[in-house]
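Reviewing the structure listed below.
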Protein chains: 2
Amino acid sequence: MRNLSLEPLDRPEGMPTHEYAHRRLRQAIMVGSIRPGESLTIRGIAEAMESSPTPVREALRRLSSEGALKVLDNRRIMVPKMTVERFGELIALRSVLEQHAARRAVPHVTERVIDRMAEIDQAQDGAIARADNATALLLNQEFHRTLYTANPDQILMPMVESVWLQLGPFLGIAMEHVAQLYFVDRHQEAIAALRKRDADAVAAAIDLDIREGIGGFERSAIEHLLRLAGQ
Amino acid sequence: MRNLSLEPLDRPEGMPTHEYAHRRLRQAIMVGSIRPGESLTIRGIAEAMESSPTPVREALRRLSSEGALKVLDNRRIMVPKMTVERFGELIALRSVLEQHAARRAVPHVTERVIDRMAEIDQAQDGAIARADNATALLLNQEFHRTLYTANPDQILMPMVESVWLQLGPFLGIAMEHVAQLYFVDRHQEAIAALRKRDADAVAAAIDLDIREGIGGFERSAIEHLLRLAGQ
DNA sequence: TAATTATATTTGTGATCACATTCTAAAGAT
DNA sequence: ATCTTTAGAATGTGATCACAAATATAATTA
């Protein structure tokens, strides 16, 4: 196993070790810094974050339930490998899930929420301008999350995040081989539609944002990237 | 904490304790035999299944990631309470998720799969006739699962099961107070549509099955049930 | 009697250890 | 050289223990 380097990440006082481990690993997978096929060892992670196997195991169980990790028959744990078919399923699911989340959120959206989204979008533009892909990615997710969590009874955010998590490792590969991830910005359209409380238009903007953004990879481009990464 | 009784459940040789614990608890929640609001203790569960805290904790972490359990601020763990709003969200999500799963499965469905579904449906009718609600519920799930897993690249089954899991405790309440859960059988329509490989018709049948089945509870009926259960 | 404090118990948490399985690689045989 | 065998190391797993926080129970006070 490669010596994995995990960003220290902020740890609020009183947060249990297993949760901290979960957040750190999750973050690492989300931005694609743990490569597919790479196998993780419990002791290795525990050592890397100066704790013990017990809480790390709990974190790994959660991650595997979230689809971020796969337990092999050997009981070895790894980041699932990406395939063209799986990528297609993930994009299609992401579109359906997030359109639904957006529609359900619209009735609860306040001007305050929309303003917040506009701020995030602006920050993301800044990150893109600096070619800071990882930050742009995180801000893009925060943009979407802000919208969906406007619904107080929302229950599908964990599922949306699960899809993001499964897409993460591929983004890591893409970011390595493509100079800059092209964030097709349908965020302005989404914001405009939100101000009019037009649920259909919001859903359409979200759909386009996904399909023209990360979903816009051609089959051949995906195959090429996966081949480059030795998948 | 009440002395919880977990059905022993079959345990294949070599299955780790944490996974066995996960399956047993999951099963119990799925059929609604653990009541919402009831708080679970790690040691209590470990004792009930004659093991130790460590693997039980791993099982609980997974269940909480699957939405089946909620960790409170006290770090206490309980089955989330149901509300009318949450119930509405769950049904709407279930409909969207399963329609999508069905559509993506249709191209991969073979006659073999359809025959299997017909068998399951027949068994479910038998269970309903015997007023065996728990078995009918499980067979209903198997019917749906058989369809969705026909898609080899399917990735949303865990999410569908998560919704089922979150609906479970409410079904437990409903089964206690309603003589018989009325399974509106749109399964025949689904099977007929599948034989014609008509994806739209299949999705429509699944949608009706959900909305007229468990989703058919009126708001007042849900409130009534929750009040009866002291929620 | 009601409220408050003090004590005891329960509970979540994380580190450690022992055991069995799996993986790695060195040694041997074909 | 290639395959097989074998010894060593690494790894997942589950039980146990100690500690701190939370809860419940008993004792005390107003």
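Basis for what follows: all heavy atoms, side chains included, without hydrogens, waters or symmetry-related copies.
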Please determine if B:Arg61 and B:Glu58 form a salt bridge, counting it only when a charged side-chain N lies under 4.0 Å from a carboxylate O. no

SB check A:Arg11 A:Glu19 (cutoff 4.0 Å): no

Could you tell me the separation between the [atom1] atom of [X] and the [atom2] atom of [N], rounded to a whole number of Å?
{"X": "B:Leu40", "N": "C:dG12", "atom1": "CG", "atom2": "C1'", "result": "14 Å"}
{"X": "A:Ile42", "N": "C:dT21", "atom1": "CD1", "atom2": "C1'", "result": "13 Å"}
{"X": "B:Ile45", "N": "C:dT13", "atom1": "CD1", "atom2": "C1'", "result": "15 Å"}
{"X": "B:His22", "N": "D:dT13", "atom1": "NE2", "atom2": "P", "result": "14 Å"}
{"X": "B:Glu47", "N": "C:dT10", "atom1": "CD", "atom2": "P", "result": "11 Å"}

Aromatic plane relationship, B:Phe170 with B:Phe87 - under 30° parallel, 30 to 60° tilted, over 60° perpendicular: tilted

Which part of the nucleic acid does B:Arg75 contact within heavy-atom distance under 4.0 Å: base, sugar-phosphate only, or nothing? sugar-phosphate

For B:Tyr148 and B:Leu156, indicate whether the former's side chain and the latter's backbone hold a donor-acceptor pair under 3.5 Å. no

Can any side-chain N or O of A:Ser162 pair as donor or acceptor with the backbone N or O of A:Glu66 at less than 3.5 Å? yes

Can you tell me how far the CG atom of A:Leu165 sits from the CD atom of A:Gln27, to the nearest 0.5 Å? 10.5 Å

Short heteroatom pairs, N/O only, protein and nucleotides 4-6 of chain D, under 3.5 Å:
none

DNA chain C: 5'-proximal contact among B:Arg43 and A:Arg43 (nearest heavy atom): B:Arg43

For DNA chain D, the residues among residues 9-21 of chain B that have a non-hydrogen atom under 4.0 Å from it: B:Pro16, B:Thr17, B:His18

Neighbours of DNA chain D within residues 55-70 of chain A, by heavy-atom distance under 4.0 Å: A:Arg57, A:Arg61

Do A:Thr54 and C:dT16 share a donor-acceptor pair, side chain to base, under 3.5 Å? yes

Begin from the C-alpha positions of B:Arg219 and B:Glu223 and carry the test salt bridge (charged side-chain N to carboxylate O under 4.0 Å, His left out) through to its verdict. CA-CA 6 Å; B:Arg219 181 186 181 93; B:Glu223 284 171 346; 3.3 Å; yes

Over all atoms of both residues, closest heavy-atom pair of B:Lys81 and B:Gly37: CE-CA, 3.9 Å

Which heavy atom of B:Arg211 sits nearest a heavy atom of B:Ser95, and at what distance? NH1-OG, 3.0 Å

Criterion side-chain contact (heavy atoms from CB on, under 4.5 Å) against B:Met117, the qualifying member of B:Asp115, B:Val113, B:Asp121: B:Val113

Please, which pairs that meet side-chain hydrogen bond (donor to acceptor under 3.5 Å, both in side chains) have at least one residue in residues 46-56 of chain B, sequence neighbours excluded? none

Is there any protein nitrogen or oxygen under 3.5 Å from a nitrogen or oxygen in nucleotides 20-24 of chain D, and what are the pairs?
| unit_1 | atom_1 | unit_2 | atom_2 | d |
| --- | --- | --- | --- | --- |
| D:dT23 | OP1 | B:Asn74 | ND2 | 3.2 |

What do the steps show when you test A:Glu119 against A:Arg116 for salt bridge (charged side-chain N to carboxylate O under 4.0 Å, His left out), and what is the final call? CA-CA 5 Å; A:Glu119 281 174 31; A:Arg116 174 91 187 103; 3.5 Å; yes

Name all pairs fulfilling the salt bridge (Lys or Arg N to Asp or Glu O under 4.0 Å) condition that reach into residues 150-167 of chain B, sequence neighbours left out, sorted by first residue then second. B:Arg26-B:Glu161, B:Arg145-B:Glu161

